[in-house]
Amino acid sequence: FDPREKPLSYFGIIDTTSTIWVISLIILSIGILWGGIVRVNQFFKDFNQKLILKSTIVFSFICLMMTAIIPMTEGWWHKLPAIFFFLSYNFFIFIFGLFRSFSQVRNGFFSVCIGSLMLLSTLFLIPFPKGGISEILYIQLMTYWNLLMFIKGNRRVKMKSTSQKQPTA
């Protein structure tokens, strides 16, 4: 497999890897939905911001599920949800950062930058038109953002639980 020649979805049409590919995409989409909703609930209080972010993450989840279920051999029926996933999840991270920057500029700026880099990763389609390199870079940025949000979210929960346990005098 050469990512310069084929997109990652190619694993979904190879007999030996198709089942594992579909299952891993379904698990990934559930993880993205769960992680997104947890982070939105942890970092936001405004109802309208939560509604926009949760709607975007649910749309991303549906698109990735459709991408997993519809094989690459179906042409545009596979490509359209895949494109919508890449755009909507990127938009989720960008808007997450934009909303977060209203209260914490530095933390929000990080998400805005990651969202922008995810969008710029599509520029790798110019020298590598099959999409594999672009998808790998996108996945790495997505993993980095989710890992940092997981760490920051856990730190935030830990700080809240320790401040609640300390008795006030």
Side-chain angles (χ1 to χ4, degrees), residues 7-9 11-12 21-72 74-125 131-161:
L8 294 179
S9 296
F11 287 116
W21 179 254
V22 170
I23 291 170
S24 65
L25 278 181
I26 290 171
I27 291 170
L28 179 67
S29 64
I30 292 168
I32 284 173
L33 176 69
W34 175 70
I37 288 174
V38 167
R39 298 305 157 238
V40 167
N41 288 333
Q42 278 181 336
F43 292 109
F44 296 97
K45 291 183 172 116
D46 183 71
F47 176 77
N48 291 330
Q49 290 178 347
K50 281 182 165 185
L51 182 66
I52 291 168
L53 288 167
K54 286 181 181 180
S55 300
T56 308
I57 197 69
V58 167
F59 181 74
S60 296
F61 165 75
I62 291 168
C63 289
L64 189 56
M65 288 293 279
M66 289 174 64
T67 304
I69 294 168
I70 301 170
M72 190 175 135
E74 296 297 321
W76 281 103
W77 291 107
H78 172 81
K79 287 181 184 176
L80 215 51
I83 290 168
F84 282 140
F85 164 72
F86 282 107
L87 292 175
S88 63
Y89 193 68
N90 178 30
F91 182 68
F92 168 75
I93 292 176
F94 183 84
I95 207 83
F96 185 97
L98 189 65
F99 289 161
R100 197 158 178 225
S101 67
F102 295 155
S103 61
Q104 299 173 330
V105 175
R106 192 176 63 126
N107 291 330
F109 185 69
F110 167 74
S111 294
V112 168
C113 286
I114 292 291
S116 300
L117 285 173
M118 289 169 81
L119 186 61
L120 288 174
S121 73
T122 58
L123 290 177
F124 277 100
L125 289 173
I133 301 292
S134 173
E135 290 172 344
I136 290 170
L137 181 59
Y138 187 93
I139 290 168
Q140 287 176 336
L141 289 167
M142 183 174 75
T143 303
Y144 179 66
W145 184 83
N146 277 295
L147 186 62
L148 249 61
M149 288 297 114
F150 177 76
I151 291 168
K152 287 180 181 185
N154 283 349
R155 223 183 273 150
R156 189 177 187 139
V157 168
K158 192 183 286 186
M159 285 175 27
K160 279 186 178 179
S161 65

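Computed from a predicted structure; not experimentally measured.
- To the nearest 0.5 Å, the span separating NZ on K50 from CG on L53 amounts to 10.5 Å.
- Scanning all heavy atoms of the two residues, the minimum distance from I57 to G36 falls at CG1-CA, 4.2 Å.
- Within the 3.5 Å criterion, the main-chain N or O of F86 finds no donor-acceptor partner in the side chain of N90.
- K152 forms no cation-pi arrangement with F43, by the criterion of a distance under 6.0 Å to the ring centre and an angle within 45° of the ring axis.
- N41 has its side chain within reach of K54: a pair of non-hydrogen atoms, C-beta onward, lies under 4.5 Å apart.
- One distance of note links CD1 of I69 with CG of L64; it measures 10.0 Å at 0.5 Å rounding.
- Contact of the F59 side chain with the C63 side chain is registered, since non-hydrogen atoms from C-beta on lie closer than 4.5 Å.
- Summarising the geometry of G153 relative to Q42, their closest heavy-atom pair is CA-OE1, 3.2 Å, with the distance given to 0.1 Å.
- Atoms CD1 and CH2, from I93 and W145 in turn, are 5.0 Å apart once rounded to the nearest 0.5 Å.
- Side-chain contact between L28 and M142 is present, with at least one heavy-atom pair separated by less than 4.5 Å.
- With values rounded to the nearest 0.5 angstrom, F84 atom CZ is found 14.5 Å from K79 atom NZ.
- No side-chain heavy atom of F99 sits under 4.5 Å from any side-chain heavy atom of N48.
- Put simply, OG on S121 and CD on Q140 are 10.0 Å apart, with the number rounded to the nearest 0.5 Å.
- A heavy-atom distance below 4.5 Å is found between the side chains of M118 and Y89.
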Would W76 and I70 satisfy side chain to side chain contact (heavy atoms under 4.5 Å, CB included), going step by step from the backbone distance to the final call? CA-CA 10 Å; W76 281 103; I70 301 170; over 6 Å; no
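- Contact check for V58 versus F92: no side-chain heavy atoms found under the 4.5 Å cut-off.
- Under the 3.5 Å distance criterion, the side-chain polar atoms of S101 are left unmatched by any main-chain donor or acceptor of G108.
- Considering only heavy atoms from C-beta on, F61 stays 4.5 Å or farther from I37 through its side chain.
- Within 6.0 Å of atom CZ in F102, more than 12 heavy atoms from other residues, nucleotides or ligands are found, so the atom counts as buried in its surroundings.
- In this structure, R39 forms no cation-pi arrangement with F96, as its terminal cationic atom is not both closer than 6.0 Å to the ring centre and no more than 45° off the ring axis.
- Rounded to the nearest 0.5 Å, atoms CG (L141) and OG (S116) are 10.5 Å apart.
- The two residues S88 and S60 come nearest to each other via the heavy atoms OG-OG, 2.8 Å.
- The shortest side-chain heavy-atom distance between C113 and F109 falls under the 4.5 Å cut-off.
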